[in-house]
Protein chains: 2
Amino acid sequence: MTPKLEDVAKLAAVSKTTVSRVLNNRGYLSQKTIDKVHAAMAQLDYHPNVVARQLYKNQTNLIGILLPSVANPFFGELTDTLERLLYQAGYKVLIGNSMNDPQKEAAYLNQLLSRQVDGLIVGTHNQHIQAYQNPGLPVVAIDRVMNEDIPVIASDNYQGGQLATTHLIDRGAKKIIHTNGPEDLKTPAQRRRSAYETTMVAHGLTPITYTVDFNIAPSAKKAVFRQIFQEHPDVEAVFAANDVDAALIQQVAGEFGRQVPQDLMIVGYDGTNLMREVLPNLTTIVQPIEAMSKMALQVLTQRINKEPTEKEYILPVKLWPGQTG
Amino acid sequence: MTPKLEDVAKLAAVSKTTVSRVLNNRGYLSQKTIDKVHAAMAQLDYHPNVVARQLYKNQTNLIGILLPSVANPFFGELTDTLERLLYQAGYKVLIGNSMNDPQKEAAYLNQLLSRQVDGLIVGTHNQHIQAYQNPGLPVVAIDRVMNEDIPVIASDNYQGGQLATTHLIDRGAKKIIHTNGPEDLKTPAQRRRSAYETTMVAHGLTPITYTVDFNIAPSAKKAVFRQIFQEHPDVEAVFAANDVDAALIQQVAGEFGRQVPQDLMIVGYDGTNLMREVLPNLTTIVQPIEAMSKMALQVLTQRINKEPTEKEYILPVKLWPGQTG
DNA sequence: TTGTAAGCGTTATCAG
DNA sequence: CTGATAACGCTTACAA
């Protein structure tokens, strides 16, 4: 059996209270007692039972992070950053990779609702899950609108769409195609589409948006991208939904004998450190992952402390000028 | 206040025991009682307190995953896969990204030791932390030797080193340089170096290994890679420690006016789905992430159930033939 | 088929 | 400066 506080107390010939005091540096204690207790703890290799403490305090110091998949570079870097900041703030991280499976997400949510975590950061795609309606749990959303009560932290997707589109127009492109997720997903990312379309029209150009499901396999994505070249052989530039898609589009362009950027310009989205290392030439819009993470933590903390928050926090993006557009 | 079991009991006019029975489908209950209790739970929007249950059962259904960083494609995909499998097995996942910081890792470990998790999967680089010596907690290691008592799940690094080296030799390279982590790290990955060196010698060639610290920034890595070309202008091929490094080496090769594969062949390592999507041309050794994850779960489960395990589980790798080597 | 009561390992109140 | 004891919310013998 693993030793418990009582065992330490017995061995040190003091009460449980005293041991607890030593453990938490609380109240007045003689140095002698402190030493005695420490010795007993060392001898037994005692580790306090975190769960018992959690029960009493009604607090777990755990934060849940619900995202589609940590294997995706954007969500991977986001999780990594959040974990670092949360750790500094005294929290540990419980992850749930929903893979955009509404069932799995709902299951996670229901379990986390049970005072398993002190707060929740969500960035999943299924925002219509019942449990979000009244979570009785501090929640913040990243880049997703869940419901009116949940504050959203997002980068400035409108600005990103504008930056990308004007950049391509400035570089001489007229026939520019945009790829994005399904329109019915009411995500802030749809503002990119809006910015793209507005910017195109403002320049007297015709916007064309291809819908690419976030979930589907790369081969299926490539099939969609091939359609672009088949249906619009005169396409001059593509503004992609993310950097991985941008890479796939560049590959497909190659199949059609197009050199980038001579025969086709490409601008990606996300600009994670990893993708900028691996594909430094890719022109892309960089999301401020660090700033978003800090803001998420700050707003979540406010929620936990029952302080008021804004509904939305929008952080600026920037263009990473590569060689592809 | 969030409602507790007792509130449900009161509202349904039954005892706590009965509510608990309904909650867990245990024992004999009249349908009438069941319905009554369910109605009360619904009315109160009751969610059982997981922590209280954990305390009683002395079991959290949480598994800790300690890895350097989930932002790295290999560890990201590994975490993603493990999370999926663990979820199916009824576990949730607590992550700790040590960033190879021994202090942070030790802190995590100490906290997780406190019955915060039912088991631990580690793949960090600092294997000399005290707490691993006697963890009193089921632990398995991935690709790292922690101590004699902790089973290791790894891919066949020797085979990987052999595959890569013979592949390059078969393709006509003679001056082949290998990059790897610091030799003092007693990781299974060092077997690649061993395989590389043995294979080179067996073919009458001279092995040259450059040490590249896993931790350092990409710019620092590139500096090391530049040295390779400066000190060995006649290098014909590089067998890199991982795919990201392989990408960096290809970039540096470009700086030196070398075309890949004509003027330089490159073979990477890891072969994650992401990297194969983004850089499909990169020849690489594919680690069996799914198989390793399954094995890790299986062995961890055995440990949890106090069944005997082997010391080491080695899984085969395969070569992904790209265009770079 | 249902209820009573003890216990999981802490912390905190209150008394000494 | 230290110690009894109740409480955190649940589960499970044991009783009825």
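Because the structure is a prediction, the values reported are computed rather than measured. A, B, ... follow the sequence lines: proteins, then strands. Residue 1 opens every chain.
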Within the structure provided, determine whether B:V117 and B:I63 are in side-chain contact (heavy-atom separation under 4.5 Å).
no
Hey, could you give me each pair passing ring-ring contact (aromatic ring centres under 6.0 Å, His included) that has a residue in residues 12-31 of chain B? Not counting sequence neighbours.
none
Between C:dT1, D:dT2, C:dT11, which nucleotide gets closest to the side-chain atoms of B:T33?
C:dT1
Interatomic distance where NZ belongs to B:K57 and C1' belongs to D:dC8 [whole Å]
19 Å
A:L55 has a side chain; which of C:dT11, D:dT2, D:dC8 sits nearest to it?
D:dC8
Tell me whether A:N24 contacts the main-chain N or O of A:S20 through its side chain, where contact means a donor paired with an acceptor under 3.5 Å.
yes
C:dG7 P sits how many Å from B:Q59 CD, rounded?
22 Å
Less than 4.5 Å apart, any side-chain heavy atom of B:F74 and any of B:L274?
no
Would you mind reading off the bend of the helix from C:dT1-D:dA16 to C:dG16-D:dC1 from its two end axes, five pairs each, to 10 degrees?
40°
Please determine whether salt bridge (charged side-chain N to carboxylate O under 4.0 Å, His left out) holds for the pair A:E148 and A:K311, giving the CA-CA distance in whole Å, both sets of side-chain angles, and the decisive distance to 0.1 Å.
CA-CA 8 Å; A:E148 283 300 303; A:K311 287 203 159 163; 2.9 Å; yes
Using heavy atoms and a sub-4.0 Å distance, could you list which residues of residues 8-22 of chain B are near DNA chain C? By number, please.
B:V14, B:S15, B:T17, B:T18, B:R21
In Å and rounded to the nearest 0.5 Å, what is the CZ to CD distance from A:R303 to A:Q298?
13.0 Å
Without decimals, in angstroms, what is the distance between A:N24 CG and C:dT10 C1'?
9 Å
Run the side chain to side chain contact (heavy atoms under 4.5 Å, CB included) test on A:R84 and B:N97 for me, step by step, so that the C-alpha distance in whole Å, both residues' side-chain angles and the decisive distance to 0.1 Å come before the verdict.
CA-CA 8 Å; A:R84 178 165 47 75; B:N97 289 172; over 6 Å; no
With a distance cut-off below 6.0 Å to the six-membered ring centre and an angular limit of 45° from the axis, does B:K92 pair with B:Y87 as a cation-pi contact?
no
Gap between atoms CZ and C1', on A:R53 and C:dA12 respectively (whole Å)
13 Å
Please state how far atom NE2 in B:H47 lies from atom P in D:dG9, giving the value in whole angstrom units.
16 Å
If you define the side chain from C-beta out and look only at heavy atoms, does anything of B:T81 sit under 4.5 Å from B:K294?
no
Heavy atoms only, 4.0 Å cut-off, all strands: where does A:N49 land among base, sugar-phosphate and nothing?
sugar-phosphate
Take B:N58 and B:Y28, find for each the nucleotide of DNA chain C with the closest heavy atom, and name the residue whose nucleotide sits nearer the 5' end.
B:Y28
Tell me the interatomic distance from B:R115, atom CZ, to C:dG9, atom P, rounded to whole angstroms.
8 Å
What integer distance in Å separates B:L44:CG from D:dG9:C1'?
15 Å
Any side-chain N or O of B:R26 below 4.0 angstrom from OP1/OP2 of D:dT11?
no
Do B:V122 and B:L67 come within less than 4.5 Å of each other through their side chains, counting heavy atoms only?
no
Atom-pair distance (CG on A:L23; P on C:dT10), nearest Å:
8 Å
Side chain of A:L5 only, heavy atoms from C-beta on: which candidate in D:dC10, C:dT1, C:dT11 is closest?
C:dT11
To the side chain of A:Y56, which of D:dG9, C:dT2, C:dA12 is closest?
C:dA12
